[in-house]
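Some notes on the structure that comes next.
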Number of protein chains: 2
Amino acid sequence: MSKCEQCIVKQFNSLKHLSREELKRVSACKTSKIIKKGKPLFEEGDRINGVFCIKDGVCKVSKMSENGRNQIISLIKKGDIIGERSLISDEPANLTAIALDDMEVCFIPKEEIIKDLEKNPGFTMSVLKDMANTLKKADNVIVDMAQKTVKQRLAETLIRLKDKFDVTDDGIINLQLSREDFANIVGTATESAIRLLSDFKKRGLVEFKGKEFKILDTKSLEKIAQGF
Amino acid sequence: MSKCEQCIVKQFNSLKHLSREELKRVSACKTSKIIKKGKPLFEEGDRINGVFCIKDGVCKVSKMSENGRNQIISLIKKGDIIGERSLISDEPANLTAIALDDMEVCFIPKEEIIKDLEKNPGFTMSVLKDMANTLKKADNVIVDMAQKTVKQRLAETLIRLKDKFDVTDDGIINLQLSREDFANIVGTATESAIRLLSDFKKRGLVEFKGKEFKILDTKSLEKIAQGF
DNA sequence: CGATTGCTTGACCCCCATCAATCCTCGTGG
DNA sequence: CCACGAGGATTGATGGGGGTCAAGCAATCG
């Protein structure tokens, strides 16, 4: 099994603040998993008892609303860590994480992380900073959800996806998002999302080939996101 | 000036994890302020360089959206701490806090809090827990904003206010919220909020006397919040 | 190669944003 | 003490965004 000390992925998250010693201990008790596309990493209500470090792949993090519709809260990719919150607050997960493509993840059990949190202030501060940042983003999403139209939110989502995920040389973003997923990110009905996307396509702002897509006119999308 | 060691308010927040010694140091460098109704505690873009501990009063925490409308993210009351996030991420505030009534707050400068965060793991963990909890709530709000109708959200808001704020013996909640404030919590136009509130009133679910209000039928409001 | 799932488009209607007019309330100054 | 003005509260009218149902089409899979 690969070792945390040598893992490149840790550079992108709070684990980089752990000492070589600490990483060795973590490495010794971690487990690696392959999660197949469409399978859950964890589900609402699960006691996950640890954190996941994403070595490869992307997953959608969502929550069921009372009326039975699904809301995607965020997308998690290589280098991200997920599960810290339920660990810290010592509660079952209140979100569901489902793989969008085949994923490779490491699972670090709770006790080990807690130990590090207690002993290594640098690590703790880093986790704290991450969380503060996530919270700030969440506030922005709340404002957007409350104040912007579906069209604005969809345009903004497309831009954010381009910035966050890998883009090939020819500008193609290969996230395995279904139309329904788009709708669930923006918080609308699938049909509405489809209509708007095909409108964007007609106007030459985006291009679709199956689930792959490509952004052709960022400037115009930004205008739309701001309400024009 | 009153002393932190003897302040009852600290029992309700993370400061209770500080030792007597630490509290004395905090007390020595803190400043007390009175914020008049309607005045800002801080505004978007301010470098606040410390945290506020609310000794008395209530304030609304909001953010301007790009289209110039205001969204209230949360209400903060006696015992709460605010400002940790900008402190931790070392950025200007991205929210505005405005007093709903006359407030009494203590300001603790950044360096002092940072010192405690580095030295006292119990304190840090408590802040971390707080933040995890806030984040969970934020996720729920996102889902609500995205999936529920204005009517549902308004009903839910009324219930939450009842649970969070003091209620007199006769059931009256005295928050100095304007109709516009209600609208800005729910994320709708003032007129829409007014219409829905007066509908609730007609149906005997709530009662208003100026800005004071009273919830008469929680069960029915819960039904509405769930979509009936 | 059927069959199940996802995608697309059309039609309909309700919720809610917006504009406008009126009423109410309260603080201020004459 | 009252008049008055300003901002908040309320109600009406109107139009568009977007949710929902339905039907046809493409694609993926056993």
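A note on names: the letters A, B, ... follow the listed sequences, proteins ahead of strands, and every chain is numbered from 1.
Comparing D:dT11, D:dG18, C:dC7 by their nearest atom to the side chain of A:T149 picks out D:dG18. Of the candidates D:dG18, C:dC16, C:dA17, D:dG18 carries the atom nearest the A:V150 side chain, counting heavy atoms from C-beta on. Among the nucleotides D:dT11, C:dT8, C:dT18, the one closest to any side-chain atom of B:A189 is C:dT18.
Nearest heavy atoms, B:V206 versus B:L197: CG2-O, 4.3 Å.
Rounded to whole Å, the distance from CD on A:E180 to C1' on C:dT8 is 15 Å. Note: CG (B:D181) to P (D:dG7) measures 16 Å, nearest angstrom. One can place CG of B:D199 at 12 Å from P of C:dC16, the figure rounded to the nearest angstrom. B:I194 places its CD1 atom 14 Å from the P atom of C:dT25, with the value rounded to the nearest Å. With rounding to whole Å, A:L197 atom CG is found 14 Å from C:dT9 atom C1'. Note: CE (A:M145) to P (C:dC16) measures 16 Å, nearest angstrom. With rounding to whole Å, B:Q147 atom CD is found 14 Å from D:dG18 atom P. What separates CZ of B:R153 from C1' of C:dA17 is a distance of 13 Å, to the nearest Å.
When the side-chain nitrogen and oxygen atoms of B:T188 are compared with OP1 and OP2 of C:dA17, one or more of them lie within a distance under 4.0 Å. The side chain of B:S198 places an N or O atom within less than 4.0 Å of a non-bridging phosphate oxygen (OP1 or OP2) of D:dT11.
A side-chain N or O of B:K55 and one of B:S2 form a donor-acceptor pair less than 3.5 Å apart. Side-chain N/O atoms of A:K136 and B:S89 include no donor and acceptor closer than 3.5 Å.
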Point to revise | Worked verdict on A:D102 versus A:K36 for salt bridge (Lys or Arg N to Asp or Glu O under 4.0 Å) | key: CA-CA 5 Å; A:D102 290 353; A:K36 284 282 177 193; 3.7 Å; yes
Practice item. Determine, stepwise, if the pair B:D139 / A:K63 fulfils salt bridge (Lys or Arg N to Asp or Glu O under 4.0 Å). Key: CA-CA 8 Å; B:D139 284 345; A:K63 184 169 167 60; over 6 Å; no
Practice item. For A:D90 and A:K110, run salt bridge (Lys or Arg N to Asp or Glu O under 4.0 Å): C-alpha distance rounded to whole Å, both residues' side-chain angles, the deciding distance at 0.1 Å, then the answer. Key: CA-CA 10 Å; A:D90 198 28; A:K110 179 173 174 169; 2.5 Å; yes
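A:D199 and A:R195 are not joined by a salt bridge, as no carboxylate oxygen comes within less than 4.0 angstrom of a charged side-chain nitrogen. Using a 4.0 Å cut-off between a side-chain N of Lys or Arg and a carboxylate O of Asp or Glu, B:K211 and B:D101 do not qualify as a salt bridge.
Sorted by residue number, the members of residues 57-73 of chain B with any non-hydrogen atom under 4.0 Å from DNA chain C read B:R69. For residues 219-228 of chain A, proximity to DNA chain C is found at no residue, defined as any non-hydrogen atom under 4.0 angstrom from a strand atom.
Contact check for B:F213 versus B:F200: no side-chain heavy atoms found under the 4.5 Å cut-off.
A cation-pi geometry, defined here as NZ or CZ lying under 6.0 Å from the six-membered ring centre and within 45° of its normal, holds between A:K33 and A:F107.
Of the residues listed (A:R160, A:Q152, A:R153), the one engaging A:E156 in a side-chain hydrogen bond (donor to acceptor under 3.5 Å, both in side chains) is A:R160, and it is the only one.
Relative orientation of the A:F42 and A:F52 rings is parallel, given thresholds of 30° and 60° on the angle between their planes.
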Look for any protein N or O under 3.5 Å of an N or O in nucleotides 21-30 of chain D and output each such pair with its distance, or none.
from, atom 1, to, atom 2, distance (Å)
D:dC21, N4, A:E191, OE2, 3.3

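Between B:K148 and A:K201, it is A:K201 whose nearest contact on DNA chain C lies nearer the 5' terminus. DNA chain C is contacted by both A:T190 and A:A146; A:T190 maps to the nucleotide lying nearer its 5′ end (nearest heavy atom per residue).
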